[in-house]
Each structure stands twice: as C-alpha cells, then as structure tokens.
Amino acid sequence: MKKIIPLLILIAIIVVIFLSLAKKDQMITVYTDNHSQKPLELKLHHLQDPECKMVVESEEHSAQVAAKSGKTWIFDDIGCMVLWLKDKKMNDLKLWVYTNDSHRWIEAKDAYFSVDEVTPMRHGFGAY
C-alpha cells in the first residue's frame with residue numbers, strides 16, 4: 001500500500017498539469033471562415049507567423065494573406081509573407097499590409113513600399 005500512494009500522487013500531478021495546459025489559449029497560425037477575404041482584426045500575442053514562427057506582437061509592419069477558401073494567415077513582417085508565398089501555388093489571394101502612415105490595412109497591390117525600415121524580422125519592408 002505504501003508503494004501505491006506515491007504512484008497515485010504522481011499520476012494525479014501529471015493529470016493536473018495536462019488539464020491546465022489544455023485550458024491555455026493556443027497560438028493561432030491560420031484563421032478559417034474569412035470567405036470575404038477582408039483584413040482581420042488581429043489578436044496580438046496569440047498569433048504565430050507561419051514563416052518565421054514568431055509571435056505577432058504589433059500590427060506595425062504586419063501582413064495578411066486571405067485565400068478564397070476562407071483561410072487567412074497573419075505575418076509579423078511583410079518580408080515573411082513574401083518568403084512564405086514564394087513556393088505556394090495558390091490562386092485568388094488577397095494580400096493585405098498594415099500601413100506605417102495611415103495605420104490601416106490596405107491591399108498590398110495599392111501600397112508603396114520602403115526597403116529601409118526596422119521590422120520585426122529585419123526584412124526592411126514598410127508599407128505606405
């Protein structure tokens with residue numbers, strides 16, 4: 001009986017740890033159900049860039065890729081979006097960038113870009 005009690009305590013501790021981990025907010029790498037392909041409001045500190053795996057801490061220098069399928073990917077740096085798209089074979093995408101001057105989302109095709117900004121991943125692209 002004395003040997004079983006420590007084992008039961010250990011099992012109870014492991015169960016408590018797993019239950020507490022399950023309740024935490026998980027990082028989001030892709031949103032679904034955005035069939036309108038509009039830029040999404042970001043849930044900062046809960047988004048993970050699919051290219052560099054960094055947590056999105058700010059809208060500044062961020063980008064979004066919205067697919068017709070409803071999936072939307074968020075990037076902490078415009079350069080990460082460019083690298084991520086490089087080998088993708090997807091059609092009907094809308095690319096959104098957060099502007100440094102007006103502080104709003106615009107389509108990347110309508111933006112002017114600088115290449116000497118200090119950005120999260122040091123790619124240097126700033127949208128205006």
Side-chain angles (χ1 to χ4, degrees):
M1 187 68 166
K2 288 184 181 182
K3 293 180 182 179
I4 294 176
I5 292 176
L7 181 61
L8 292 175
I9 291 173
L10 179 62
I11 291 171
I13 291 171
I14 292 171
V15 168
V16 168
I17 290 171
F18 278 112
L19 288 175
S20 69
L21 289 174
K23 291 181 183 178
K24 289 186 180 179
D25 285 338
Q26 301 297 315
M27 286 291 158
I28 300 168
T29 56
V30 62
Y31 283 101
T32 57
D33 204 31
N34 181 16
H35 297 282
S36 66
Q37 294 181 281
K38 298 289 184 194
L40 299 175
E41 185 175 326
L42 303 187
K43 186 177 180 184
L44 299 176
H45 314 292
H46 293 283
L47 297 164
Q48 187 174 25
D49 185 313
E51 175 64 25
C52 69
K53 309 300 185 223
M54 297 297 292
V55 175
V56 179
E57 302 286 342
S58 169
E59 286 182 323
E60 188 176 4
H61 303 296
S62 63
Q64 300 184 30
V65 173
K68 204 166 203 162
S69 67
K71 291 183 178 181
T72 302
W73 296 267
I74 311 295
F75 301 86
D76 69 335
D77 192 304
I78 296 169
C80 288
M81 176 184 69
V82 172
L83 290 173
W84 186 81
L85 285 168
K86 187 173 127 182
D87 298 323
K88 303 289 185 275
K89 293 180 178 25
M90 291 190 268
N91 297 320
D92 299 321
L93 298 177
K94 284 206 178 177
L95 310 179
W96 298 94
V97 291
Y98 194 78
T99 60
N100 291 344
D101 53 353
S102 62
H103 305 289
R104 63 186 179 94
W105 292 101
I106 64 170
E107 282 196 67
K109 66 181 177 76
D110 297 328
Y112 294 95
F113 293 93
S114 65
V115 294
D116 60 354
E117 303 285 330
V118 177
T119 64
M121 293 306 295
R122 307 294 187 250
H123 294 292
F125 297 108
Y128 293 88

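In this structure, Leu40 CG and Thr72 OG1 are separated by 4.5 Å, a value rounded to the nearest 0.5 Å. The NZ atom of Lys38 sits 5.5 Å away from atom NZ of Lys94, with the distance rounded to the nearest 0.5 Å. Atoms CG and CE, on Asp49 and Met54 in that order, are 9.0 Å from each other to the nearest 0.5 Å. Here the OH atom belonging to Tyr112 is positioned 9.5 Å from the CD1 atom belonging to Ile106, to the nearest 0.5 angstrom. Annotation: the span from Glu41 atom CD to Glu59 atom CD amounts to 7.5 Å, rounded to 0.5 Å. Atom SG of Cys80 sits about 12.5 Å away from atom NE2 of His61, to the nearest 0.5 Å.
Of the possible donor and acceptor atoms, none in the side chain of Thr99 sits under 3.5 Å from a partner among the backbone N and O of Ala127. Listed for the Gln37 side chain is a donor-acceptor partner under 3.5 Å among the backbone atoms of Asp92.
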Please report the C-alpha distance between Gln48 and Lys53 in whole Å, then the side-chain angles of each, then the deciding distance to 0.1 Å, and finally whether the side chain to side chain contact (heavy atoms under 4.5 Å, CB included) criterion is met. CA-CA 6 Å; Gln48 187 174 25; Lys53 309 300 185 223; 3.6 Å; yes
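Scanning for ring-ring contact (aromatic ring centres under 6.0 Å, His included) contacts around Tyr98 gives Trp105, with sequence neighbours left out. For the side-chain hydrogen bond (donor to acceptor under 3.5 Å, both in side chains) test, residues two or more places apart in sequence or in another chain that qualify with Glu57 are His45.
Note on Leu47: it does not cluster hydrophobically with Val30, by side-chain heavy-atom contacts below 4.5 Å among ILVMFWY residues. Hydrophobic clustering keeps Leu83 apart from Met90 (ILVMFWY residues linked when any side-chain heavy atoms are closer than 4.5 Å, directly or through intermediates). When the side chains of ILVMFWY residues are joined at heavy-atom separations under 4.5 Å, either directly or via intervening members, Ile28 and Leu42 end up in a single hydrophobic cluster. Cluster membership check: Met81 does not share its hydrophobic cluster with Val56, using side-chain heavy-atom separations under 4.5 Å among Ile, Leu, Val, Met, Phe, Trp and Tyr.
Counting only residues at least two apart or in different chains, side-chain hydrogen bond (donor to acceptor under 3.5 Å, both in side chains) contacts with residues 119-128 comprise Asp77-Thr119, Asn100-Tyr128, Glu117-Tyr128.
Stacking of Lys71 on the aromatic ring of Trp73 is not recorded, the 6.0 Å distance cut-off and the 45° axial limit not both being met.
Using a 4.5 Å cut-off on side-chain heavy atoms (C-beta onward), Phe125 and Val97 make no contact.
When all heavy atoms are compared, the tightest approach of Pro50 to Phe75 is CG-CE2, 3.4 Å. The shortest non-hydrogen separation linking Val55 to His46 is CG1-N, 4.4 Å.
Between the side chains of Thr32 and Asn34, not a single donor N or O lies within less than 3.5 Å of an accepting N or O.
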